[in-house]
Structures are given as C-alpha cells and as structure tokens.
Protein chains: 2
Amino acid sequence: MSPTPEPTPARLRAIPSRLLAGAALAADRLVGERLAAEGAHKWHFAALVALDEAGAASQAELSRRTGIYRSDMVAVLNELADTACIRREPDPVDRRRNVITLTPAGRRRLERLDTLIADAQRELLAPLTPDQADELTHLLTVLTDHHRPPHDAR
Amino acid sequence: MSPTPEPTPARLRAIPSRLLAGAALAADRLVGERLAAEGAHKWHFAALVALDEAGAASQAELSRRTGIYRSDMVAVLNELADTACIRREPDPVDRRRNVITLTPAGRRRLERLDTLIADAQRELLAPLTPDQADELTHLLTVLTDHHRPPHDAR
DNA sequence: TACCTTCGTTAGCGTCACGAACGTTTGGAT
DNA sequence: ATCCAAACGTTCGTGACGCTAACGAAGGTA
C-alpha cells in the first residue's frame, strides 16, 4: 500500500526561479525534439536567422547577434557549411575574419526550421490564451533585458 | 572603426523558448550566487522545504516531492547529513527505505536559506510591478503544469 | 619598433537533467 | 512456499549547455 505520495510543496511550486527553470526545460525539450527530427539544432536556427536578418557577417559578429559563444559557433558553422547552408570565406579586407554568407540552400533550410520553431512555440504556449502568451513574452523580455548577461556590456 | 555591431535580431528576441532560457539562466545565476555565499545549493533548499512542509520521508519520496532525481538526491542528503541538517536512518518497517528527518539545525538552516531565496526572487522580479510578478508566476505555473515531465505520471 | 586588441580555433571545465545497472528488500500472485 | 515484479538506495556514466583559457594570425596604434 503506497502511502499517498505527497505532491510538490506549495512553497516550492511558488518560486519563480523554479518555475522558470521548469518552463525553460519543457520549452527546450519541445524545440529540441522538433529540430532533432530534422537533424537540426537550436543554434543552427539562431545563426541562420542572424544571417538572414542582418546580412553576411564575421563569426564573432554572428556570435554577438545570437549570444552563442564564438568557440561554439565554430562547430555550428562547420555543420551549416557541410550542408551548404552557408559559405565561409576569408575576409579580403581583414584577414583575421571569415565572411559568412547565407546561401539559397541556407535560406530554404531557414524557412523549414522556422515553421518547426513556430510549431514548437505554439505547442509550448498552447495552454495560454493569445493575450496571455503576449503578456508572458512581454514580461520575459523585460526580465531578460534587465538582467543583462555580463558579456553584452562590452 | 567597428562597424556598429548589429543587435540581436527581433525574430530571435521574440521567441518564447529563447526568452525562457535566458530568464531561467539569469534566475539560476541569482539564486546560485546567493546560496553559494552560504555554501549551499538549490537542491539543499528544495529538500529541506519538502521535509519541513510534509514531514519525514524516504529518499524516493523526497525525490518525488522536489523533482530531484533519486540518484542526485543521494549526494544532497549526504551533505545535509554532514552538516547535521537531517538524520538518515534505516526504516524499521521497510528496510529498503531510509527515513530522512529534519533536525533543529536543519530547520534553522532552512530559515536562513529561505531568506536568501526570497532575496534572489525579489532581485529577479525587480523590474516588474507586483501585479506583473504575480501574473508571470501564474502564467509559468500554467505552463509547467501543462507540460508535465514524463516522470511525474507514474 | 613595440604593444594591445580582435579573430578563428581547439581544448577543457562545471553544472545540470537524466538514465543504466546492481544488490537488497518487499509485496503480491501463483 | 515459491517465484516474480517492483521499489529502494547507490554508483557510475552521458550528453547538452554555458563558459573560460590559450594559441597563432592579423590588425590598429603609438
């Protein structure tokens, strides 16, 4: 006879940092699963968006746009280059840099990933009304803008 | 002359799963720093609360109350036992289990950690009005309740 | 010239959520 | 009474993630 397992204490359930961790975990799982079905990754999408939105850039510049560390960006761009989604060529005017360029294949891939991401967001926010979803997005934006990771201030 | 680093694209900043990840990261950092100053851990607090809220329990039961995996719970309870915050004794009526009991020292420690956690939450939610903070908590609760980790259904 | 910074790259760390497996113990079904 | 499946505590390992250190190459500046 199981002694009726106690639920999570209210004092724990009410803690915002815990709620955020749980929600972020669920969100990452949803996104990860969708993208994995296509052999893709969170970071690939971010890099592609950054390229599509603001044009060709160096790896360091992409790193700043996406928040992905430039040490991790290397592998991301390797894989995107392997699938011909980007071109990576040395910058003639500054030979330290690489110029990363979005290819037509990359733009098509971005379109595909975009719908997957959108699907995941919809599933994530499914239990909320559209107004609530907007409100949540707004509140989270305020929060993340306020708590600037130390790296962005440079 | 730096070519004016492009900010994070709006299409990336507007994605809820990304916002959640960022907010959760900031929150965990705040909580982690506060607790680390006391040599404590997220998990210690959760275990202590679970004990204080619903009374003595086995390790597996604590695991369910807190969401901490029972494999990780071992180390947490080791450390709490080392600092005399809990007692861990074999359960006489079911010798598979340990009975974990909160000690007076543990209750005092919980009080201390409680204020640290509360401080961290206040700092986390600082940019929000009280109403907004409540709304955020509510929305996150709905979200996390809806997306049940597969483990809770047992 | 000398110095400091930026860039791409490699390697590595620490934390976290999670799973595998094992020996022990229990309770239930046969 | 015996067998089996499950639960328990424990150890070990994994993969993902955020992050840092260091290096050689190249550029800017004094």
Side-chain angles (χ1 to χ4, degrees), chain A residues 1-3 5 17-18 20-29 31-33 35-36 40-44 46-47 57-64 66-79 81 86 88-100 149-152 154, chain B residues 1-3 5 17-18 20-29 31-33 35-36 41-44 46-47 57-64 66-78 81 86 88-100 144 147 149-152 154:
Chain A
M1 154 186 75
S2 40
S17 62
R18 266 183 76 97
L20 276 172
L25 197 60
D28 261 20
R29 231 194 301 262
V31 171
E33 284 167 5
L35 291 186
H41 211 271
K42 220 180 159 189
W43 298 330
H44 299 147
S58 72
Q59 302 187 186
E61 169 68 19
L62 278 181
S63 182
R64 283 177 226 113
T66 57
I68 302 170
Y69 276 66
R70 69 189 209 275
S71 42
D72 298 324
M73 183 64 74
V74 179
V76 175
L77 295 181
N78 282 343
E79 291 162 20
I86 58 152
R88 185 207 250 133
E89 6 187 45
D91 187 336
V93 324
D94 183 345
R95 297 210 304 275
R96 292 170 302 178
R97 290 175 161 91
N98 288 336
V99 178
I100 310 300
H151 260 279
D152 290 11
R154 54 169 96 219
Chain B
M1 155 186 74
S2 41
S17 61
R18 266 183 77 97
L20 277 172
L25 196 59
D28 262 20
R29 232 195 298 263
V31 171
E33 284 169 3
L35 291 185
H41 215 271
K42 220 180 161 189
W43 299 330
H44 299 147
S58 71
Q59 302 188 187
E61 170 68 20
L62 279 179
S63 182
R64 283 176 226 113
T66 57
I68 303 170
Y69 274 64
R70 68 189 209 274
S71 42
D72 299 323
M73 183 65 73
V74 178
V76 175
L77 295 181
N78 282 343
I86 59 152
R88 184 207 250 132
E89 8 189 40
D91 187 336
V93 325
D94 185 344
R95 297 211 303 276
R96 292 171 301 181
R97 291 174 161 90
N98 288 337
V99 179
I100 310 299
T144 52
H147 299 281
H151 261 279
D152 289 11
R154 53 170 93 220

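So you know, we letter chains A, B, ... as the sequences are listed, proteins then strands, and number each from 1. Bear in mind that the values here come from a model prediction, so they are computed numbers and not experimental data.
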B/Arg95: partners by salt bridge (Lys or Arg N to Asp or Glu O under 4.0 Å), with sequence neighbours left out: none
End-to-end axis angle, where each axis spans five pairs of the helix from C/dT1-D/dA30 to C/dT30-D/dA1, to 10°: 10°
Please check the phosphate of D/dT10 (OP1 and OP2 only) for any side-chain N or O of B/Asn98 closer than 4.0 Å. yes
All side chain to side chain donor-acceptor pair (under 3.5 Å) counterparts of B/Ser17, not counting sequence neighbours: A/Gln121
Protein N or O to nucleotides 11-17 of chain C N or O, pairs below 3.5 Å:
unit_1, atom_1, unit_2, atom_2, d
C/dC16, OP2, B/His41, NE2, 3.0
C/dA17, OP2, B/Trp43, NE1, 3.4

Take atom CZ of B/Arg70 and atom P of D/dC8, then tell me their distance rounded to the nearest Å. 8 Å
May I ask you to evaluate whether B/Arg64 reaches the phosphate of D/dC8, defined as a side-chain N or O under 4.0 Å from OP1 or OP2? yes
Got a sec, which residues hit side chain to side chain donor-acceptor pair (under 3.5 Å) with A/Glu79, two or more places apart in sequence or on another chain? A/His44
Short side-chain N/O contact to D/dG27 OP1/OP2 from A/Arg96, under 4.0 Å: no
Can a side chain N or O of B/Arg88 be found less than 4.0 Å away from OP1 or OP2 on D/dT10? yes
Which sits closer to the 5' end of DNA chain C, A/Ala60 or B/Pro92, going by the nucleotide each is nearest to? A/Ala60
Quick one: salt bridge (Lys or Arg N to Asp or Glu O under 4.0 Å) partners of A/Asp94, sequence neighbours excluded? A/Arg96, A/Arg97
Could you pick out which residue, A/Gly67 or A/Val93, lies toward the 5' side of DNA chain D when each is mapped onto its nearest nucleotide? A/Gly67
